[in-house]
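Working notes, beginning with the structure itself.
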Amino acid sequence: MAVVHSIVSRATGTRYVLAIIAPRASLPCLKIVQDRRSNAGGSVGRTRVVPGTTEDISRRFVEDIADQDDDFDRWYVDVVKRAELADDAPVRGCKIIRPYGYALWENMQAALDTRIKATGVQNAYFPMFIPESMFQREADHIEGFAPEVVRVTRAGESELEEPLVVRPTSEAIICPMYARWVQSYRDLPILINQWCSVVRWEDRPRAFLRTTEFLWQEGHTCHATPEEAEERARQMLEVYRDFIETELAIPVVPGEKSDAEKFAGAHRTYTVEAMMGGKNWALQSGTSHDLGDHFGRVFDIEFLDRDGERKFAFNTSWGLSHRTVGAIVMVHGDTNGLKLPPRVAPIQTVIVPIWRKEAERDVVEDFVGEIEARLRDNVRLFTDRRDDKTPGWKFSEWELKGVPLRIEVGPRDVQNGQVVLVRRDTREKQSVPVGQLQETINGLLVQIQNDMFQAAQQRLTDMTVKVSTLDEMYERISNNAGFSNAGWCGNAECEKRVKAESHATIRCIPFAQPDDPGKCVVCGDKAQHEVIFARAY
RNA sequence: CGGGGAGUGGCGCAGCUUGGUAGCGCGCCGCGUUCGGGACGCGGAGGCCGGAGGUUCAAAUCCUCUCUCCCCGACCA
């Protein structure tokens, strides 16, 4: 059935496999498939090994995203590019967020922004440039960010009298402004958020997950008491948890960071950690910091309290970035591409009209118009009317782009007054009479959102295992087996050793703790907490 | 910042060992036939071969220098 030849390119060391396949029909089918063992750059557009029968191959004739199990990182890059979420920029480490990816981000922004405002926070905007001297006032802060800070030293034709730092985060410019605005306890609290981009020079960029410039929101609050700041930090973490689980259908583990993993200059750092697909690595998906009065002291945010005492204010900061877009891709995606949660999907339902002859086209088009009129106001809808693509091509395309529901409308459907409705997540098809379409779609979108969350929750549960020995834990880590729960004595040395030996870090100390955390998985002393060890992006 | 690899139409690559003025697949444009799971035929457009210098009658190909990107390691949302 298939004749296979193997050729190794001298130039690149790449092995090519020529598979000549006898097809069902008379058309000869020659497929060049490539075994990627070279590290040559570039990925999109190549063809690859497709095991199976002739039928499989004709079905997946042009398959050019890597297989998830085969090479998950490559799969991620391919999907992001092919689904038109993002593209490479001419500047190192920077990415273009394309309209489809940006529409997704906008939907996420809207949902999160609403939640943030509901807690009494207002939006504002602070400049991206920070005078270097201001940035350097906080020692831990400058030390923490020094390797990745970009400085501007020239403007126009002249050297700047003082270099400007391009914000890697905005504490250093927001806190001095708070110092100016706060005189009395009556001026507190200040609750401000800003949507902006920040710049951190990165060595190993990955679209959405780690780029030189990235989009996020950063909230900065200022309080009269440590209790209030602590409460706010915890409150915003809960906002993130709710947002990520409800809108993105991604289950997370909320908890506290160890000292080593804390934000530079923070009193306490809280995090929500999610488990990605493929390698089951962790992704820090949102963080909230109780900064104590540290930044208040450094930046002179001083006020007269109601007891007549002068005091330094207590701050929090909290951020969630567009790396959560990457989380959606990695948590929900499958071998066919993206799978977007209905609540944030730019297109919730796509209509693919099908016809053979011009006469059919008119009939189908009328019917499609009727369907659009029924659905338009309640569903984010798009009709793919391109006539240079076949329906089959469109099915694959919209699956790749992760649209939750697809409506197929052909002449047969028009005749029966129904449509074929297909779920992206399960690929199940059903025929639905147009009269019931609106109702069915509304129900399915909710169902899909729930099912996606449940599936991710199931995997998180299955892939989180309590370990009691280092060997067991390292075994899991090297097998990409997911999260390992383990006792930890609280000693930074033990944490460091694990990182050096396995690349895994303490992702967080979960809020949900067992009655007895047992013994430290490293040194065997009595454990203070049960923590999650995992590799992270 | 250490180790490895690659730069040739939009994308993926071949050509280089053995110099002779660039080719394939996909994509793109036009026309026609198609269209219920990634269609096909015919006809087109598109490249000073990353850059600079050198050798030569002649350089994508040989030599020197340089830039960029990618992959693997140490740091990070």
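Just so it is clear: chains get the letters A, B, ... in the order the sequence lines come, proteins before strands, and each one is counted from 1.
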Quiz item: Between A:Phe511 and A:Arg234, is there a cation-pi geometry (under 6.0 Å to ring centre, at most 45° from the normal)?
Solution: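 A:Arg234 over A:Phe511 ring: yes.
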Separation of [X] atom [atom1] from [N] atom [atom2], in whole Å?
X	N	atom1	atom2	value
A:Arg424	B:G37	CZ	C1'	13 Å
A:Lys81	B:G12	NZ	C1'	12 Å
A:Glu143	B:C75	CD	P	14 Å
A:Glu408	B:C35	CD	C1'	13 Å
A:Phe395	B:A39	CZ	P	11 Å
A:Arg386	B:A39	CZ	C1'	15 Å
A:Lys279	B:C72	NZ	P	8 Å
A:Asp388	B:G38	CG	P	16 Å

Self-check item: Salt bridge A:Lys81-A:Asp88, side-chain N to carboxylate O under 4.0 Å
Solution: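 Result for this pair is yes, salt bridge flagged.
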Quiz item: So, A:Lys394 and A:Glu408, do they make that salt bridge, N to O below 4.0 Å?
Solution: no
Any [X] side-chain nitrogen or oxygen under 4.0 Å from OP1 or OP2 of [N]:
X	N	value
A:Thr390	B:G38	no
A:Arg356	B:C35	yes
A:His503	B:A74	yes

Quiz item: Can you find a donor-acceptor N/O pair under 3.5 angstrom joining the side chain of A:Lys394 to the base of B:G36?
Solution: no
Quiz item: Is it true that the side chains of A:Asn193 and A:Gln217 contain a donor and an acceptor less than 3.5 Å apart?
Solution: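 Judged by distance alone, the side chains do pair up.
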Report which part of the nucleic acid [X] touches: base, sugar-phosphate, or nothing (heavy-atom distance under 4.0 Å, all strands).
X	result
A:Lys429	base
A:Leu320	nothing
A:Val198	nothing
A:Arg361	nothing
A:Ser197	nothing
A:Ser321	base
A:Asp88	nothing
A:His289	nothing

Practice problem: For A:Lys262 and A:Ala266, indicate whether the former's side chain and the latter's backbone hold a donor-acceptor pair under 3.5 Å. | Solution: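 Checking the backbone N and O of A:Ala266 against the side chain of A:Lys262, a donor-acceptor pair under 3.5 Å is found.
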Self-check item: Under 3.5 Å: donor-acceptor pair, side chain of A:Glu372, backbone of A:Leu381
Solution: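 Here the side-chain-to-backbone pair does not exist.
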Choosing from [options], which nucleotide comes nearest the side chain of [X]?
X	options	answer
A:Trp393	B:A77, B:G36, B:G38	B:G38
A:Pro411	B:G36, B:G37, B:A77	B:G36
A:Lys389	B:C76, B:C28, B:G38	B:C28
A:Ser396	B:G36, B:G37, B:C76	B:G37
A:Arg412	B:G37, B:G38, B:G36	B:G36
A:Arg82	B:G36, B:A77, B:G38	B:G38
A:Trp355	B:G37, B:G38, B:C35	B:C35
A:Ile354	B:G36, B:G38, B:A77	B:G36
A:Glu148	B:C76, B:G37, B:C35	B:C76

Quiz item: Is there a Watson-Crick or G-U wobble partner for B:G41 with both distances under 3.5 Å, and if so, which one is it?
Solution: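 Checking every strand shown, B:G41 finds its partner in B:C31, with both distances under 3.5 Å.
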Quiz item: With both distances kept under 3.5 Å, what pairs with B:A74, Watson-Crick or G-U wobble?
Solution: none
Quiz item: 5'-most contact on RNA chain B: A:Glu399 or A:Arg507, nearest heavy atom basis?
Solution: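 Counting from the 5' end, the first nearest nucleotide belongs to A:Glu399.
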Exercise. Verify the neighbour count for atom CD of A:Gln430: are there more than 12 heavy atoms of other residues, nucleotides or ligands below 6.0 Å?
Key: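 Counting other residues, nucleotides and ligands, CD of A:Gln430 exceeds 12 neighbours.
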